[in-house]
Amino acid sequence: MSSKKKILFSAIQPSGMLTLGNYIGVLSDLVNIQRNYSCLFCVADLHAITVRRNPSVLYNSIFDIIAIYLACGLDPNRSILFVQSHVYEHAQLSWILNCYSYIGELSRMTQFKNKSLQFSKNINSGLLNYPVLMASDVLLYQTNVILVGADQKQHLELIHDIVFRFNKLYGNLFVLPTSLASLTGSKIMSLLDPNKKMSKSEPNHNNTIFLLEEPSSIIKKIKQAKTDSDQPSSIIYDQEKKPGISNLLNIFSIFSGLSITDLEHQYCDKIYSEFKRDISELVAEKLYLLQQQYFDFRKNEDYLQDIINIGAKKARLQAQITLNKVYQSIGLPVKYY
Ligand code: ATP
Ligand code: LTN
């Protein structure tokens with residue numbers, strides 16, 4: 001990695017089938033992003049075990065995500081691609097940072113509250129400490145820029161609080177990261193309830209487009225997506241009054257490369273069904289191409305394993321430098337290998 005470029009970190013949990021939200025949030029612009037930053041891409045498997053998972057499903061999802069990253073243009077010679085649990089320093093730093101995080105601030109996190117309701121029989125302390133592990137992911141690499149979807153804002157604020165707290169006590173040890181919301185910075189919303197985030201753990205699959213979904217099913221779901229009830233129908237971006245059409249305009253804009261204003265002009269005298277036909281065909285076609293690339297990578301698990309072995313080695317070299325500095329600053333002896 002070139003030392004002149006800023007360091008960018010991004011991660012995806014292997015918590016289910018990836019969605020269009022994940023794609024637009026963090027995967028759609030990887031080629032450009034790698035040109036501009038020194039990148040680390042991580043499969044956040046330790047984050048995923050905050051919820052009970054079937055071991056073989058979890059194992060396979062980790063390799064699925066590696067293959068998706070590659071299909072989206074991640075170049076392993078240019079960027080570091082690794083699995084979080086292979087770099088032990090994440091868990092070590094996380095323990096230390098837990099001692100600098102407060103139960104009050106962690107229990108106020110919206111994601112913690114939502115997941116506690118969703119998994120009310122398993123409100124484990126990993127769910128509460130989840131954002132501290134996320135802070136460790138980022139801070140270990142002296143990350144300048146975090147690539148995350150717009151839904152992670154609250155966790156980023158917590159990372160800032162931890163950095164300020166730690167740096168105030170021990171000097172400027174951690175870099176204060178900023179966030180890069182890819183392309184539009186949009187949060188992609190659920191198809192049938194555009195006031196809710198599109199999520200892989202959503203039980204009603206009609207709300208979500210999965211990256212590996214059949215083209216015909218993608219077309220059907222977009223055609224059924226909730227639009228707004230104003231008459232006559234108008235294809236105008238207005239997040240508050242027209243959340244359904246605005247969500248589809250965001251998606252259309254990313255997939256077509258056209259601005260939202262261009263799309264509004266192009267469809268000013270068209271009806272919702274024509275608009276939906278065009279966007280659904282475009283999304284289905286582009287995702288079909290992505291799927292072909294994905295299947296090519298996914299069938300060679302040995303190759304994927306080689307990539308993550310190399311990625312973990314490179315990531316550890318960087319992570320150990322930061323962890324040693326943390327040890328020294330808080331009074332723990334450093335172990336030299
Ligand atoms: P879950 O639904 O299980 O909580 P998730 O998809 O929200 O999963 P991750 O897999 O960890 O969580 O998300 C990976 C990245 O994709 C994150 O940076 C997240 O912000 C982004 N992302 C997820 N959903 C959306 C969405 N609807 N719109 C934009 N970005 C998203
Ligand atoms: N919590 C994130 C995934 C994640 C992450 C990270 C994102 C784990 N560690 C570090 C950016 C940086 C989510 O989207 N659910």
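The shown structure was predicted, so the numbers you read here are calculated from the model rather than taken from an experiment. Positions are given from 1 along the sequence.
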Any side-chain to backbone donor/acceptor pair from [X] onto [Y]? Under 3.5 Å, distance only.
| X | Y | answer |
| --- | --- | --- |
| Asn247 | Pro243 | no |
| Lys242 | Ser234 | yes |
| Glu89 | Thr322 | no |
| Asn124 | Thr50 | yes |
| Ser116 | Phe112 | yes |
| Gln34 | Asp75 | yes |
| Asn114 | Gln111 | no |
| Ser329 | Val326 | yes |
| Ser61 | Gly16 | no |
| Lys276 | Lys223 | yes |

Apply side-chain hydrogen bond (donor to acceptor under 3.5 Å, both in side chains) to Asn144 and list each qualifying residue two or more places apart in sequence or on a separate chain.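 Scan of Asn144 (side-chain hydrogen bond (donor to acceptor under 3.5 Å, both in side chains), adjacent residues dropped) gives none.
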Tell me every residue that passes side-chain hydrogen bond (donor to acceptor under 3.5 Å, both in side chains) with Ser199, counting only those two or more places apart in sequence or in another chain. Ser201
Only pairs under 3.5 Å count here: list side-chain donor-acceptor contacts from residues 153-167, not counting sequence neighbours, and write none if there are none.
from: Lys153; atom 1: NZ; to: Glu157; atom 2: OE2; distance (Å): 3.4
from: Gln154; atom 1: OE1; to: Thr110; atom 2: N; distance (Å): 2.7
from: Gln154; atom 1: OE1; to: Thr110; atom 2: OG1; distance (Å): 2.9
from: His155; atom 1: ND1; to: Gln152; atom 2: OE1; distance (Å): 2.8
from: His160; atom 1: NE2; to: Pro177; atom 2: O; distance (Å): 2.6
from: Arg165; atom 1: NH1; to: Tyr100; atom 2: O; distance (Å): 2.7
from: Arg165; atom 1: NH1; to: Glu105; atom 2: OE2; distance (Å): 2.8
from: Arg165; atom 1: NH2; to: Glu105; atom 2: OE1; distance (Å): 2.9
from: Arg165; atom 1: NH2; to: Glu105; atom 2: OE2; distance (Å): 3.4
from: Asn167; atom 1: OD1; to: Leu173; atom 2: N; distance (Å): 3.0
from: Asn167; atom 1: OD1; to: Phe174; atom 2: N; distance (Å): 2.9
from: Asn167; atom 1: ND2; to: Phe174; atom 2: O; distance (Å): 2.9

Do [X] and [Y] have side-chain heavy atoms sitting under 4.5 Å apart?
| X | Y | answer |
| --- | --- | --- |
| Thr19 | Ile188 | no |
| Ser256 | Leu282 | yes |
| Cys39 | Ile33 | yes |
| Asn122 | Val51 | no |
| Glu213 | His205 | no |
| Leu70 | Leu81 | yes |
| Leu248 | Ile235 | no |

Which residue pairs satisfy the ring-ring contact (aromatic ring centres under 6.0 Å, His included) criterion with at least one member in [range], sequence neighbours excluded?
| range | result |
| --- | --- |
| residues 312-335 | none |
| residues 233-261 | Tyr23-Phe255, Phe252-Tyr267, Phe252-Phe275 |
| residues 36-61 | Phe41-Tyr69, His47-Tyr130, Tyr59-Phe63 |

Do [X] and [Y] land in one hydrophobic cluster if side-chain heavy atoms of ILVMFWY residues count as linked below 4.5 Å?
| X | Y | result |
| --- | --- | --- |
| Ile80 | Val175 | no |
| Leu169 | Leu323 | yes |
| Met198 | Ile219 | no |
| Leu304 | Phe295 | yes |
| Val334 | Leu93 | yes |

Between atom [atom1] of [X] and atom [atom2] of [Y], what is the distance when rounded to the nearest 0.5 Å?
| X | Y | atom1 | atom2 | answer |
| --- | --- | --- | --- | --- |
| Ile218 | Ile279 | CD1 | CD1 | 11.5 Å |
| Ile12 | Lys200 | CD1 | NZ | 7.0 Å |
| Asn22 | Ser28 | CG | OG | 11.0 Å |
| Ile209 | Ile251 | CD1 | CD1 | 6.0 Å |

Ser101 and Asn98: side-chain hydrogen bond (donor to acceptor under 3.5 Å, both in side chains), yes or no, with the steps? CA-CA 5 Å; Ser101 308; Asn98 269 318; 5.0 Å; no
Exercise: identify the closest heavy-atom pair between Ala48 and Arg53: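 The answer is O-NE, 2.7 Å.
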Exercise: identify the closest heavy-atom pair between Ile65 and Pro14: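 Taking Ile65 first and Pro14 second, the nearest heavy atoms are CD1-CA, 3.5 Å.
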Who passes salt bridge (Lys or Arg N to Asp or Glu O under 4.0 Å) against Lys286, sequence neighbours left out?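 Expected list: none.
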Can you list everything that forms a ring pair (Phe, Tyr, Trp, His ring centres under 6.0 Å) with Tyr141? Sequence neighbours excluded, please. Phe9, Phe82, His90
Please give the remaining members of the hydrophobic cluster of Met17, linking ILVMFWY side chains under 4.5 Å, ordered by chain and number. Phe210
Trp95: hydrophobic cluster co-members (side-chain, 4.5 Å):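 Trp95 shares its hydrophobic cluster with no other residue.
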Between Arg298 and Asp64, does at least one N-O distance fall below 4.0 Å, as a salt bridge requires?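 Salt bridge flag = yes for Asp64 with Arg298.
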side-chain hydrogen bond (donor to acceptor under 3.5 Å, both in side chains), paired with Ser190, selected from Asn204, Asn206, Asn207, Thr208: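 Of the listed residues Asn204, Asn206, Asn207, Thr208, the side-chain hydrogen bond (donor to acceptor under 3.5 Å, both in side chains) partner of Ser190 is Asn207.
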Between Gln328 and Asn324, do the side chains contain a donor N or O and an acceptor N or O under 3.5 Å apart? no
No-hydrogen, no-angle side-chain donor-acceptor test under 3.5 Å, Asp262 and Ser259: yes
Among residues at least two apart in sequence or on other chains, which ones pass side-chain contact (heavy atoms from CB on, under 4.5 Å) with Ser85? Asp45, Leu46, Val83
Taking only residues two or more places apart in sequence or in another chain, which ones pass side-chain contact (heavy atoms from CB on, under 4.5 Å) with Tyr288? Pro215, Gln291, Gln292
